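Convention: sequence-line order gives letters A, B, ...; per-chain numbering from 1. Because the structure is a prediction, the values reported are computed rather than measured. Note: hydrogens, waters and symmetry copies are ignored here, and every other heavy atom, side chains too, is used.
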Protein chains: 2
Amino acid sequence: MRDMLDIQKLLVPDLLDSMKKRYTVLQHILVSGVVGRRTLAASIGSTERVLRGEVEFLKEQGLLQIDASGMRITEDGRALLEQIEPLVKDLFGLTEWEERIRAAFGLKQVVIVPGDSEASPHTKKELGRAGASVMRKLVKEEEVIAVTGGSTMAEVAVHLNATASMKSCWFVPARGGLGESVELQANTVAATMAKKAGGRYRLLHVPDHLNDEAYQSLLQDDHITEIFHFIRRARMVVHGMGDAMVMARRRKVDPETTASLQREGALAEAFGYYFDRNGRILHKMPTVGLRIEDIQAMDTVIGVAGGHGKGEAILAVLRHGHEDVLVTDEAAAAEIVQLMSS
Amino acid sequence: MRDMLDIQKLLVPDLLDSMKKRYTVLQHILVSGVVGRRTLAASIGSTERVLRGEVEFLKEQGLLQIDASGMRITEDGRALLEQIEPLVKDLFGLTEWEERIRAAFGLKQVVIVPGDSEASPHTKKELGRAGASVMRKLVKEEEVIAVTGGSTMAEVAVHLNATASMKSCWFVPARGGLGESVELQANTVAATMAKKAGGRYRLLHVPDHLNDEAYQSLLQDDHITEIFHFIRRARMVVHGMGDAMVMARRRKVDPETTASLQREGALAEAFGYYFDRNGRILHKMPTVGLRIEDIQAMDTVIGVAGGHGKGEAILAVLRHGHEDVLVTDEAAAAEIVQLMSS
DNA sequence: GGTACCGGGACTTAATCCGTCCCGGTGATA
DNA sequence: TATCACCGGGACGGATTAAGTCCCGGTACC
């Protein structure tokens with residue numbers, strides 16, 4: 001049944017909205033017993049005229065009846081409501097979470113796909129598709145888009161495809177990040193995205209963590225600095241999020257830095273920075289690629305991450321306060337919501 | 001899953017249409033490989049502009065991509081199509097049957113509810129609801145509506161409810177029909193409908209089958225003849241359909257008439273008449289209530305019947321050629337379609 | 001190098017949606 | 001019993017959307 005809903009979400013998303021609206025109307029009438037149009041409109045938060053349209057439709061379907069004293073639900077309506085309730089919970093529970101998280105952190109948009117992307121490859125794909133879909137919607141012409149690496153971002157890349165705006169864009173890695181396996185590197189993700197989207201890309205072949213000396217000498221290289229500047233032209237960044245310790249290990253951060261991170265309570269990692277549970281950045285190091293001030297000045301910051309256990313990390317990054325869009329899955333969202341309310 | 005779709009059909013009736021349209025577009029693109037907008041519009045039978053809307057939507061969803069050489073399906077689109085295919089077959093099988101039966105007999109509308117109303121009480125309820133829904137849609141103000149008896153009609157009555165037009169209507173039995181158990185009698189059905197719909201009713205307390213002598217003496221009674229004339233004012237009749245022999249027995253038709261019916265190949269019964277397999281009326285008897293010429297002059301004739309084994313009878317009534325709307329279930333529809341094509 | 005078909009932009013018209021206001025009826029209350 | 005607040009429904013105009021139609025520049029294939 002879930003499958004069916006997913007398909008409908010893809011094929012007729014606006015009709016699901018309208019289904020929700022009608023369900024809500026019916027639901028309100030059920031609990032109110034008898035209620036008038038204007039009263040109901042106010043309590044639902046709809047306008048009188050719009051509600052009227054819905055009510056007339058529901059009457060037409062025999063789900064509610066109207067007389068001079070107001071509207072009340074019919075037996076058919078009550079039966080339908082009972083039958084459809086689990087469905088609506090399933091469908092719109094996620095919508096409620098989306099809105100709660102969105103409002104709590106002042107985001108532009110939150111998308112939650114059903115399932116657990118850690119447990120199910122299918123959900124991971126869905127997460128990727130949702131991420132790609134958000135990118136498609138928000139991208140502008142002639143834009144530079146910075147992306148990070150990671151398995152989730154790789155999945156996003158796979159589901160991107162060519163649109164007019166995308167074709168005029170440049171894809172660049174947000175950071176060097178050569179520590180990881182090649183198919184998960186930011187460079188690879190940027191290249192894949194460019195290929196899928198019909199756009200162009202530039203790469204940054206530089207290890208992620210450098211000591212000061214090496215960093216300074218890099219800055220002497222004209223080619224490298226030119227790419228740095230190019231990357232900083234990005235107005236959109238799409239990034240994964242992860243557990244701090246897991247990422248430190250994967251990035252092969254040296255033992256003493258790792259120990260220091262641990263001591264300071266590092267919880268999350270995103271675009272090369274480490275965050276504690278309050279979203280404070282723990283670790284200042286010579287950065288290769290986007291700096292934190294670049295992120296802050298960005299038009300659109302899109303975070304994509306999911307899976308059981310990722311909730312805490314995602315929440316930490318959200319608390320840092322510079323995200324615009326979050327794409328996650330049900331498993332992580334459940335944790336986020338739970339942590340938010342505790 | 002079917003249940004869920006039925007519910008959705010009630011809340012957002014155009015959901016399936018819209019899904020089907022988009023599915024069809026995608027499907028055509030899949031088989032065509034690369035195809036242009038105008039070519040596709042012609043092959044689907046849609047206008048260019050409408051198709052364009054759908055295509056833009058599908059592009060937005062990442063299900064197809066567009067370049068200068070035409071439109072082609074994406075991997076996501078192909079995956080979705082594969083997932084949805086069995087579902088669509090299931091769903092639109094019924095829609096196709098509806099259209100086939102509708103076209104074959106020149107009906108205004110055919111509604112098929114999924115399931116077998118003989119095997120499942122739930123399907124029987126659905127059949128009733130569908131019948132009531134059709135009535136609601138087609139009824140006019142200040143109308144006289146003639147109804148027959150039977151378990152299906154009783155179910156229709158239960159699902160009727162008050163609308164503005166319905167309230168101004170009169171419900172009358174199409175015929176006397178006192179032979180059956182009281183809750184299935186046409187009189188009872190008419191009364192129930194009137195109560196549910198907020199309308200008024202008049203009854204006809206006369207046995208269904210009479211000999212000539214008794215019939216003539218009835219016509220002397222002013223009260224009775226007045227009701228006869230009232231019933232004949234009906235512009236809409238809603239009736240069940242049944243197996244001829246079963247009905248004859250239930251109506252307690254005398255043995256010699258029963259034998260004669262059997263001899264002549266009586267197959268179906270509807271509004272008191274018996275039909276052979278070609279829809280010819282077998283039996284002329286002094287009628288109490290609507291005469292066959294009344295039926296023929298009717299604006300709207302709605303037949304409601306379903307269940308495994310009823311297909312042949314329904315088909316016989318359809319062949320008689322004065323139906324406007326048929327409401328049936330999947331089990332009976334399957335038989336009808338099968339008999340039609342053989 | 002020509003041609004036929006491609007997608008996309010633009011404009012107009014038709015239709016629908018929706019905000020707004022009013023009216024007569026009805027049920028509860030004082 | 002008189003009053004009043006709230007009921008549904010009718011009406012209407014402005015805004016928004018859908019859709020028919022035509023054109024244009026680009027691309028691919030002949």
Side-chain angles (χ1 to χ4, degrees), chain A residues 12-15 17-18 21-22 24-26 28-29 32-74 77 136 139-142 161-168 197-198, chain B residues 12-14 17-18 21-22 25-26 28-29 32-74 77 136 141-142 161-168 197-198:
Chain A
V12 281
D14 43 338
L15 291 186
D17 286 347
S18 125
K21 204 175 192 175
R22 285 168 186 173
T24 314
V25 172
L26 218 50
H28 270 77
I29 295 180
S32 308
V34 183
V35 67
R37 200 207 310 148
R38 279 169 271 255
T39 315
L40 186 58
S43 105
I44 285 181
S46 164
T47 66
E48 183 195 331
R49 193 61 181 76
V50 171
L51 176 71
R52 187 169 167 178
E54 301 301 343
V55 159
E56 269 162 8
F57 169 84
L58 291 169
K59 185 182 80 178
E60 209 58 38
Q61 297 288 40
L63 299 173
L64 58 83
Q65 52 183 308
I66 302 184
D67 53 46
S69 66
M71 307 173 284
R72 81 190 70 222
I73 201 162
T74 63
R136 256 199 305 280
V139 77
K140 293 192 190 69
E141 304 247 335
E142 305 279 350
N161 43 41
T163 67
S165 333
M166 283 278 184
K167 277 187 188 163
S168 65
Chain B
V12 273
D14 29 356
D17 288 343
S18 180
K21 201 175 192 176
R22 286 170 185 172
V25 172
L26 220 49
H28 269 78
I29 295 180
S32 309
V34 183
V35 67
R37 199 206 310 148
R38 278 168 272 256
T39 314
L40 186 58
S43 105
I44 284 181
S46 165
T47 66
E48 184 194 330
R49 195 62 182 76
V50 170
L51 176 73
R52 189 169 166 178
E54 301 300 343
V55 159
E56 269 162 10
F57 169 84
L58 292 169
K59 186 181 80 178
E60 208 59 37
Q61 297 287 31
L63 298 174
L64 58 83
Q65 52 183 309
I66 302 184
D67 53 47
S69 66
M71 306 173 285
R72 83 189 69 220
I73 201 164
T74 62
R136 255 199 305 279
E141 303 248 335
E142 305 279 348
N161 42 41
T163 67
S165 331
M166 283 279 184
K167 277 186 187 164
S168 65

Where the side chain of A/Val50 is defined as all heavy atoms beyond and including C-beta, which of C/dC18, C/dG7, D/dG8 is the nearest nucleotide?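 Closest nucleotide to the A/Val50 side chain: C/dC18.
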Nearest-Å distance for atom pair [atom1]/[atom2], residues [X] and [N]:
X: B/Glu60; N: C/dG7; atom1: CD; atom2: P; answer: 16 Å
X: A/Glu56; N: D/dG9; atom1: CD; atom2: P; answer: 7 Å
X: A/Phe57; N: D/dG9; atom1: CZ; atom2: P; answer: 16 Å
X: A/Leu40; N: D/dG9; atom1: CG; atom2: C1'; answer: 16 Å
X: A/Arg72; N: C/dG27; atom1: CZ; atom2: P; answer: 10 Å
X: B/Lys167; N: D/dG9; atom1: NZ; atom2: C1'; answer: 12 Å
X: B/Lys59; N: C/dC6; atom1: NZ; atom2: P; answer: 16 Å
X: A/Leu51; N: D/dG8; atom1: CG; atom2: P; answer: 9 Å

Assign a letter to each nucleotide of nucleotides 21-30 of chain D from its 5' end: B, base within under 4.0 Å of a protein heavy atom; S, sugar-phosphate only; -, no contact. BBB---S---
So A/Arg22 and A/Leu63, do their side chains get closer than 4.5 Å, heavy atoms only?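 No. Closest side-chain heavy atoms not under 4.5 Å.
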Within the side chain of B/Ser32, is there an N or O that forms a donor-acceptor pair under 3.5 Å with the backbone of B/His28?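 Such a contact is found between B/Ser32 side chain and B/His28 backbone.
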Just to confirm, is there a sub-4.0 Å distance from OP1 or OP2 of C/dC18 to any side-chain nitrogen or oxygen of A/Thr47?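 Answer is no, no contact under 4.0 Å.
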Check this one for me: any side-chain N or O of B/Thr39 less than 4.0 Å away from OP1 or OP2 of C/dC5?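 Checking C/dC5 against B/Thr39, no side-chain N or O comes under 4.0 Å of OP1 or OP2.
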Provide the closest heavy-atom pair for A/Arg37 versus A/Leu51 in the form atom of the first, atom of the second, distance.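 Minimum heavy-atom separation between A/Arg37 and A/Leu51: O-CD2, 3.2 Å.
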